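First comes the structure, then the notes that go with it.
What you see is a predicted model; the values in this text were computed from it and never measured. Heavy atoms only: backbone and side chains are in, while hydrogens, waters and symmetry mates are out.
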Amino acid sequence: MRILFIGDIVGSPGRQMLQQHLPALKTKICPDLTIVNGENAAHGKGITKKIYHQLLSCGADYITMGNHTFSKSELKMFIQEADRLIRPVNLIPMELGEGVRFAQVQDKRIGMVNLCGQVFMDNVARSPFECMSEIFNRHAADLWFVDFHAETTGEKETFAQVFADRCVMIVGTHTHVQTADEQLMRGCGYISDVGMCGAFDSILGRDKREVIERTLYQIKTRYTVAEGPAMLCGVWTEIDDLTGRASFIERIQIRP
């Protein structure tokens, strides 16, 4: 079994890269499950109903989110019907949507979890460690996948070390810069940050000038998505059918 995950999609450049490259990636890798992070898909923050369906039409089976989940108020109007969307379990407001989803792939029940880290993160109500332990106690699955949306590498690595024995894939998202630490951690495919799908000549997918002006001169700016040629970052893991553990992991990075 193979699981393909595509990192944070930032605005229209990221969506265009997904549309352009995901079909070919799926033909090459032949994943049984494809998951995409869409928390920055709509103008750099949040997601809309139109874009939700656009990402699914590109080939995503499920869409995870992050700290910008509710940046577009429109989401609250359709989140209950968006049965392929996975929002962070511990992000306020916690009563909207689902943070745990299940997919039947071949003869396996796969549990998919989205969690936010607590370090340098706002609107996070509960510890991701407590939440994950409760999820294991309340739900049954043959295989577990986690998108851990967090700021610091240390928190991501700690989470992975704690839960690697019970998961087959734990991917870090949020910081938009792909790390080169992909590894098999006791039979769990892990990477600290998958990276982003967004404009290559940018700062984390945002307009460079805007970020520099805000940093140097404290000029109030908008979250403007950078334009121009884009990159796509992802990762995929192969899971041994006999052992039920990850046996291979590979990073994906497509530059302009």
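With side-chain heavy atoms closer than 4.5 Å counting as contact, directly or through intermediates, the hydrophobic cluster containing Phe120 also holds Val119. Hydrophobic cluster of Ile92: no remaining members, since no ILVMFWY side chain lies below 4.5 Å from it.
Aromatic ring pairs are classed by plane angle as parallel below 30°, tilted from 30° to 60° and perpendicular above 60°; the pair His139 and Phe102 is tilted. The aromatic rings of Phe163 and Phe159 sit tilted relative to each other, their planes meeting at an angle between 30° and 60°.
Clustering ILVMFWY residues whenever any of their side-chain heavy atoms sit less than 4.5 angstrom apart, transitively, puts Ile110 in a cluster other than the one holding Val146. At a threshold of 4.5 Å between side-chain heavy atoms, the hydrophobic network of Ile, Leu, Val, Met, Phe, Trp and Tyr places Phe148 and Ile249 in two separate groups. With hydrophobic clusters built from ILVMFWY side chains whose heavy atoms lie under 4.5 angstrom apart, Met1 does not share a cluster with Phe248. Taking hydrophobic clusters as Ile, Leu, Val, Met, Phe, Trp and Tyr residues chained together by side-chain heavy-atom distances below 4.5 Å, Ile254 does not share a cluster with Met196. Hydrophobic clustering places Tyr217 together with Val211 (ILVMFWY residues linked when any side-chain heavy atoms are closer than 4.5 Å, directly or through intermediates).
Asp61 places a side-chain N or O within 3.5 Å of a backbone atom of Thr34 that can act as its donor or acceptor partner. Although no hydrogens or angles enter the test, the distance criterion places a donor-acceptor pair under 3.5 Å between the side chain of Gln178 and the main chain of Val194. With hydrogens and angles ignored, the 3.5 Å screen pairs a side-chain donor or acceptor of Arg2 with a backbone N or O of Ile29. In this structure, the side chain of Gln183 does not engage the main chain of Gly189 through any donor-acceptor pair within 3.5 Å. Here the side chain of Glu213 pairs no donor or acceptor atom with the backbone of Ile219 at under 3.5 angstrom. Within the 3.5 Å criterion, the main-chain N or O of Val124 finds no donor-acceptor partner in the side chain of Asn90. Under a 3.5 Å cut-off, the side chain of Arg15 and the backbone N or O of Val10 do not form any donor-acceptor pair. No donor-acceptor pair under 3.5 Å is formed between the side chain of Lys49 and the backbone N or O of Phe78. A side-chain donor-acceptor contact under 3.5 Å links Lys72 to the backbone of Lys45. Judged by distance alone, with hydrogens and angles left aside, the side-chain atoms of His176 form a donor-acceptor pair with the main-chain N or O of Leu204 at under 3.5 Å.
The neighbour count for Arg186 CZ, taken as heavy atoms of other residues, nucleotides or ligands under 6.0 Å away, is above 12. Other residues, nucleotides and ligands contribute at most 12 non-hydrogen atoms within 6.0 Å of the CZ atom of Arg222.
With a 4.5 Å cut-off on side-chain heavy atoms, Glu250 and Glu182 do not count as touching. Within the 4.5 Å cutoff, side-chain heavy atoms of Met169 are placed close to those of Val171. Considering only heavy atoms from C-beta on, Arg101 comes within 4.5 Å of Asp83 through its side chain. Contact annotation: the side chain of Leu143 never approaches that of Ile3 to less than 4.5 Å [non-hydrogen atoms, C-beta and beyond]. Inter-residue side-chain proximity for Pro128 and Glu155 is flagged as met; some heavy-atom pair is nearer than 4.5 Å. In this structure, Glu157 and Tyr190 have side chains that are in contact, with non-hydrogen atoms separated by less than 4.5 Å. No side-chain heavy atom of Met121 sits less than 4.5 Å from a side-chain heavy atom of Pro88. The shortest distance between side-chain heavy atoms of Cys188 and Arg245 falls below 4.5 Å.
Of the residues Phe145, Trp236, Tyr62, the one that meets the ring-ring contact (aromatic ring centres under 6.0 Å, His included) test with Phe5 is Phe145. Ser192 pairs with exactly one of Thr179, Asp181, Thr153, Thr152 by the side-chain hydrogen bond (donor to acceptor under 3.5 Å, both in side chains) rule, that one being Asp181.
Remark: Arg166 qualifies as a cation-pi partner of Phe136 under the 6.0 Å distance and 45° angle criteria applied to the six-membered ring.
Rounding to the nearest 0.5 angstrom, the gap separating the CG atom in Leu232 from the CD1 atom in Ile9 is 8.0 Å. Note: Glu39 CD to Arg87 CZ = 12.5 Å, rounded to the nearest 0.5 Å. Note that CD1 of Ile63 is 11.5 Å distant from CE of Met112, once rounded to the nearest 0.5 Å. Distance check: Thr173 OG1 to Met65 CE gives 11.0 Å after rounding to the nearest 0.5 Å. The CD atom of Glu151 sits 11.0 Å away from atom SG of Cys116, with the distance rounded to the nearest 0.5 Å. Note: Ile135 CD1 to Glu130 CD = 12.0 Å, rounded to the nearest 0.5 Å.
Contact detail for Pro13 and Ala230: the closest heavy-atom pair is O-CB, 3.7 Å. Contact between Cys167 and Met132 at its shortest, heavy atoms only, is SG-CE, 4.5 Å. When all heavy atoms of Ala226 and Asp201 are compared, the pair lying nearest together is CB-O, 4.2 Å.
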Please assess Ile212 against Ile203 for the test side-chain contact (heavy atoms from CB on, under 4.5 Å), listing each intermediate value before the final yes or no.
CA-CA 9 Å; Ile212 291 169; Ile203 297 176; 4.3 Å; yes
Run the numbers on Val100 and Trp144 for side-chain contact (heavy atoms from CB on, under 4.5 Å), then give the verdict.
CA-CA 10 Å; Val100 184; Trp144 286 98; 4.2 Å; yes
If you apply the rule side-chain contact (heavy atoms from CB on, under 4.5 Å), what do you find for Met185 with Ile170, and how did you get there?
CA-CA 10 Å; Met185 186 183 290; Ile170 298 173; over 6 Å; no
Leu55/Ile47 under side-chain contact (heavy atoms from CB on, under 4.5 Å): CA gap, chis, key distance, verdict:
CA-CA 10 Å; Leu55 300 185; Ile47 195 168; 4.1 Å; yes
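Inspection of the His174 and Asp193 side chains reveals no N or O donor paired with an N or O acceptor under 3.5 Å. Under the 3.5 Å distance criterion, with hydrogens and angles disregarded, a donor-acceptor pair is assigned to the side chains of Thr64 and Asp147. Side-chain polar atoms of Gln253 and Arg255 form a donor-acceptor pair below 3.5 angstrom.
Between Glu134 and Arg138 there is a salt bridge, since a side-chain N of the basic residue sits under 4.0 Å from a carboxylate O of the acidic one.
Residues forming a side chain to side chain contact (heavy atoms under 4.5 Å, CB included) with Lys28 (at least two apart in sequence, or on another chain): none.
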